[in-house]
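Before any comments, here is the structure.
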Amino acid sequence: MSEAQIAFSKFDFDPSLTLDSGQVFRWSALDESRREWIGVVRQNLLRVTKEGAFVVGGSNPDSELIQSYFSFDEDLDSIFSTFPPDEILESAKLQLRGLRLLRQDPWECLISFVCSINCNIPSIRLKIENLSRRFGRKIDTSLDLRANAFPSAESLAKASKRDLLACKLGFRWKYVKFIARKVAAGNLDLERLTSVPYYDAFPELISEVSGKTFGVGPKVADCTLLYSLHKTEAFPIDVWILRCLRKYYGKEIPDNNSESLTPKKYFTVSDSMRRRFGKYAGYAQLYLYVMMRGESNHSM
DNA sequence: TCCCAGGTCCTAC
DNA sequence: GTAGGACCTGGG
């Protein structure tokens, strides 16, 4: 095994909770104990435990990249101390100690959540794996397994409908291709959004064709902003969070009995949660989401 | 065989 | 603005 790039001992970190939280789809547990995980981070293959990360394939990333990926620059207790008194969140914090928000590659994250549209988690993973195997660069590793980096925007922009369908993208193929072309052409600069405030970055991510949105709606945009660009004000609303809010924060949800989530309602609910939880609302979202999945025992 | 899934688009009001 | 249906496809 390679030497540890970075030791995690001084950080509040639970690999199982973090890497199987639904914010990322490229990690697998190496055994039943779920203590060791293997996954792709940009061009590298990493083995991760509670104690540290080991590079087992690809180039040699500096430890800053890994620190940043796990957001070790942020202290979870300090973040929770910014929330208003909240029994539900306090309970989630106790249950989910060591769950961290990641800083993924924004391009991969965006396409991953496009792949998530009307899909369950195993199916999302399959799509991302298929795309990587077919279009991504192979990662050299001494381990007895195959690993590929996530494909570039250029390679997906050039991909044919036939090839994208072969990756089991279904109707999402046209969204992926459209967004890939936009990024490859330089009309959407995701890295630049790192330094752009949440409210300005959000509309830039919503892709449009002649005035109409196409492929990236508010949920996918918010997931990308939160899980990769680290806009912690983002509060993605999906069916699980909606169920959670109805159950615990019912008063803040307009027309509480309707299942549908119109764009206007999305912003109303999301903004209301941003006002409630503040600058780190996205951390609250992550904890509430994982708690809800755990309650229903329906994850994976 | 049928039903559902970390949404989004389209159409008809 | 809003509700309701369609959408590819793998897995229960």
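Proteins come first, then strands; the chains are lettered A, B, ... in the order of their sequence lines, and each starts at number 1. On a predicted model such as this, the values are computed, not experimentally measured, just so you know.
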Response to the item:
For A:Cys109 and A:Tyr227, the nearest pair of non-hydrogen atoms, with its separation, is SG-CB, 3.9 Å
Discussion item. Just the rounded figure in Å: distance from C1' of B:dG6 to CG of A:Leu245.
Written reply: 14 Å
Fill in: Distance, rounded to the nearest Å, where A:Arg172 contributes CZ and C:dT9 contributes P
9 Å
Fill in: Pairwise side-chain contact, A:Tyr289 with A:Asp238, heavy-atom cut-off 4.5 Å (strictly under)
yes
Item to complete: Take atom C1' in B:dC9 and the same atom in C:dG10, then report the distance between them in whole Å.
Response: 22 Å
Worksheet item: With sequence neighbours left out, what residues match A:Gln104 under side chain to side chain donor-acceptor pair (under 3.5 Å)?
Response: none
Worksheet item: Excluding sequence neighbours, so at least two apart, what forms side chain to side chain donor-acceptor pair (under 3.5 Å) with A:Lys93?
Response: A:Asp77
Fill in: Sequence-distant partners of A:Tyr280, ring pair (Phe, Tyr, Trp, His ring centres under 6.0 Å), two or more places apart
none
Worksheet entry | Per-nucleotide pairing state of DNA chain B [Watson-Crick or G-U, under 3.5 Å; [ ] pseudoknot-crossing; | other strand] | .||||.|||||||
Worksheet item: For atom P, what is the distance between C:dG5 and B:dC3, given to the nearest Å?
Response: 14 Å
Discussion item. Under the ring pair (Phe, Tyr, Trp, His ring centres under 6.0 Å) definition, can you give me all pairs with a residue in residues 15-34 of chain A, not counting sequence neighbours?
Written reply: A:Phe25-A:Phe113
Worksheet entry | Spacing of A:Lys265 atom NZ relative to C:dA3 atom P, expressed in whole Å | 7 Å
Item to complete: Would you classify A:Ser21 as touching base, sugar-phosphate or nothing, given that sugar-phosphate means primed atoms plus P, OP1 and OP2, and contacts are heavy atoms under 4.0 Å?
Response: base
Worksheet item: Taking the inter-plane angle between the rings of A:Phe72 and A:Phe70 on a 0 to 90° scale, is it parallel (under 30°), tilted (30 to 60°) or perpendicular (over 60°)?
Response: parallel
Worksheet, complete the sentence: Here the distance between atom P of B:dG6 and atom CZ of A:Arg125, to the nearest Å, is 13 Å
Discussion item. Could you work out, with side chain to side chain donor-acceptor pair (under 3.5 Å) as the rule, every residue matching A:Arg35, not counting sequence neighbours?
Written reply: none
Fill in: A:Leu164 CG - C:dT9 P separation (whole Å)
12 Å
Worksheet, complete the sentence: Residues at least two apart in sequence or cross-chain that pass side chain to side chain contact (heavy atoms under 4.5 Å, CB included) with A:Arg275, listed by chain then number, are A:Asp271, A:Ser272
Item to complete: With sequence neighbours excluded, tell me which residues meet ring pair (Phe, Tyr, Trp, His ring centres under 6.0 Å) with A:Phe171.
Response: none
Practice prompt. Just jot down the side chain to side chain contact (heavy atoms under 4.5 Å, CB included) partners of A:Ala185, sequence neighbours excluded, or say none.
Written response: A:Asn187
Discussion item. For the P atoms, the ones on C:dG4 and on B:dG6, what distance do you get once it is rounded to whole angstrom?
Written reply: 22 Å
Worksheet item: Atom CZ of A:Phe25 to atom C1' of B:dA5: distance rounded to whole Å?
Response: 12 Å
Close N/O contacts between protein and nucleotides 10-12 of chain C (under 3.5 Å):
| from | atom 1 | to | atom 2 | distance (Å) |
| --- | --- | --- | --- | --- |
| C:dG10 | OP1 | A:Lys168 | NZ | 3.0 |

Discussion item. Using a 4.0 Å heavy-atom cut-off to protein, can you give one letter per nucleotide of nucleotides 7-13 of chain B, 5' to 3': B if the base is in contact, S if only the sugar-phosphate is, - if neither?
Written reply: BSS----
Worksheet entry | All pairs passing side chain to side chain donor-acceptor pair (under 3.5 Å) where residues 136-150 of chain A contributes a residue, at least two apart | none
Discussion item. Whole angstroms only, please: what is the CZ-C1' distance between A:Arg293 and B:dG6?
Written reply: 7 Å
Practice prompt. Please report, rounded to the nearest Å, how far the C1' atom of C:dT9 is from the CH2 atom of A:Trp173.
Written response: 16 Å
